[in-house]
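Data block below; observations after.
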Amino acid sequence: MAILVTGGLGYIGSHTAVELLSEGRDIVVIDDLSNSSALAADRIREITGKSFPFIEARLQDEETLNKLFSDYDIEAVIHFAGSKAVGESVKNPIKYYDNNIGSSLSLCRAMLKAGCKNIIFSSSATVYGSNNPSPYREDMPAGGCTNPYGETKLIIEQLLGDIVKSNPGFNATLLRYFNPIGAHPSGLIGEDPRGIPNNLLPYIAKVAVGQLPCLGVFGNDYQTPDGTGVRDYIHVVDLAKGHTAALNNMDGLKIYNLGTGKGYSVLEVLKAFEKACGKALPYEIKPRREGDLDAYWSDPGKAERELGWRAQKTLYDMCLDTWRWQKANPKGYEG
Ligand code: UDP
């Protein structure tokens, strides 16, 4: 029996692959390398001392997917594969609806055909939209997303909920991630965005390593203590462990936040990173980024009560591990 990890060479997928292998589980990875590197597979093997099959294919290649389900005995799928750049999703919605929803439909079709009845889905706090007060709780109404990326996450959540209803014995766990940052403490795997990063931590890391001149802080007039945006940052290794905890507790449709329950501002993150890398980093205040909310964070209590999972690492750990990865791999995997 093996766990199929879609998008298993990407940022969160690769860290989850490490946790699964370290727990002694067998995995099969499928990834189309559209936003990841095959070298991540070598690094996962290096960290864990374990090997696993890697299939380079798109999920919409249903022939390959059906063959995979017949070649391996897949007891559960952890579904990370998808496009994730919010700004790009606004410019190119068709790509996002096609890649994210199309691939999830193909995956679910293949699972049902093969009789595989367990899926864990990478969802996002963005499904809470802009009207819920923080801390976000799983029983709050989802919807009102501000971009196509978020809409695709919500639609896939609904799809999985409907499949659970129509297929007795089918289990789907939706994990709503807050802001994953950090890297494996080995410095061997981490986030490797192509081009200029959109997200805060990869951007700061590239300023720290001298590849970008200055961080732009998107707005300092929000309703927050220092005026900059507040988010619930979570160490990617804690997040990965949330998946292994979820795997042990599947039962119909389940929804869990994966966050720390604590928000930090852009300037607080920058200060923590400066401490981790031992130097001051230049920044300038820029206008707000369209679609950004002022502040949100999770209530992670449900995952703790039901899965026995809780994030352990501090913001400083997250920055230190990001810095270790960035320093050792200044140009990412291909560098
Ligand atoms: N941010 C920033 N400069 C950047 C990237 C992000 O000030 O170059 C801010 C952004 O406005 C938000 C926070 O950092 O308040 C986290 O943004 P990110 O894109 O990492 O994640 P999001 O919360 O938007 O998914």
Side-chain angles (χ1 to χ4, degrees), residues 10-12 35 80 82-91 96 100 122-130 132 134-136 142 144-154 175-183 190-209 211-236 239 257-274 281-298 315 318-319 321-322 326:
Y11 175 43
I12 304 169
N35 192 26
F80 294 103
S83 303
K84 62 170 187 182
V86 172
E88 187 193 26
S89 81
V90 175
K91 291 198 188 85
Y96 277 68
N100 293 3
S122 284
S123 190
S124 165
T126 190
V127 301
Y128 288 106
S130 45
N132 286 306
S134 281
Y136 290 165
C145 298
T146 52
N147 57 74
Y149 161 76
E151 289 296 339
T152 67
K153 292 291 176 192
L154 194 58
L175 298 180
R176 293 177 174 165
Y177 307 156
F178 282 72
N179 285 57
I181 62 171
E191 188 168 14
D192 182 17
R194 295 196 175 157
I196 295 179
N198 299 306
N199 297 110
L200 181 62
L201 258 288
Y203 204 106
I204 293 178
K206 289 215 178 281
V207 172
V209 87
Q211 287 171 17
L212 289 170
C214 176
L215 171 71
V217 174
F218 298 147
N220 68 346
D221 56 355
Y222 284 108
Q223 295 298 315
T224 59
D226 68 17
T228 66
V230 167
R231 296 288 182 275
D232 181 344
Y233 297 93
I234 173 167
H235 196 294
V236 66
L239 191 80
N257 289 335
L258 295 184
T260 66
K262 182 157 176 42
Y264 288 101
S265 74
V266 175
L267 293 179
E268 284 173 319
V269 174
L270 184 67
K271 287 277 157 300
F273 203 97
E274 288 181 332
L281 301 173
Y283 72 92
E284 59 181 349
I285 305 297
K286 294 260 181 72
R288 293 180 177 195
R289 184 170 66 179
E290 210 184 311
D292 272 353
L293 300 180
D294 54 354
Y296 62 85
W297 59 92
S298 66
L315 180 64
M318 304 181 211
C319 293
D321 289 337
T322 300
Q326 184 69 58

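Atoms within a ligand are numbered from 1 in the order they appear, just like the ligands themselves.
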### Query
Can you tell me how far the CG atom of Leu270 sits from the OG atom of Ser265, to the nearest 0.5 Å?
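If we round to the nearest 0.5 Å, Leu270:CG and Ser265:OG are 9.0 Å apart.
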### Message
Is the ring pair Phe178/Tyr136 parallel, tilted or perpendicular, if the boundaries are 30 and 60 degrees?
### Response
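Judged by the thresholds at 30° and 60°, the geometry between Phe178 and Tyr136 is tilted.
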### Query
Above 12 or not: heavy atoms from other molecules or residues under 6.0 Å from CD of Gln211?
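Check passes, neighbour count above 12.
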Pairs of nitrogen or oxygen atoms, one from ligand 1 and one from the protein, closer than 3.5 Å: please tabulate them with distances.
| from | atom 1 | to | atom 2 | distance (Å) |
| --- | --- | --- | --- | --- |
| ligand 1 | 3 (N) | Gly216 | O | 2.8 |
| ligand 1 | 7 (O) | Phe218 | N | 2.9 |
| ligand 1 | 11 (O) | Asp292 | OD2 | 2.6 |
| ligand 1 | 17 (O) | Arg289 | NH2 | 3.4 |
| ligand 1 | 19 (O) | Asn199 | ND2 | 3.1 |
| ligand 1 | 19 (O) | Arg289 | NH1 | 3.4 |
| ligand 1 | 19 (O) | Arg289 | NH2 | 2.8 |
| ligand 1 | 20 (O) | Asn199 | ND2 | 3.4 |
| ligand 1 | 20 (O) | Leu200 | N | 2.8 |
| ligand 1 | 21 (O) | Asn179 | ND2 | 3.1 |
| ligand 1 | 23 (O) | Asn179 | ND2 | 3.0 |
| ligand 1 | 23 (O) | Arg231 | NE | 2.6 |
| ligand 1 | 24 (O) | Arg289 | NH2 | 2.9 |

### Query
Taking only residues two or more places apart in sequence or in another chain, which ones pass side-chain hydrogen bond (donor to acceptor under 3.5 Å, both in side chains) with Asn147?
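Per chain and number, Asn147 pairs via side-chain hydrogen bond (donor to acceptor under 3.5 Å, both in side chains) with no residue.
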### Task
Could you list all the side chain to side chain donor-acceptor pair (under 3.5 Å) pairs where at least one residue sits in residues 216-225, not counting sequence neighbours?
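Non-adjacent pairs meeting side chain to side chain donor-acceptor pair (under 3.5 Å): Asp221-Arg288.
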### Task
Using ring pair (Phe, Tyr, Trp, His ring centres under 6.0 Å) as the criterion, list what pairs up with Tyr177, not counting sequence neighbours.
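In terms of ring pair (Phe, Tyr, Trp, His ring centres under 6.0 Å), with neighbours along the sequence ignored, Tyr177 is linked to His243.
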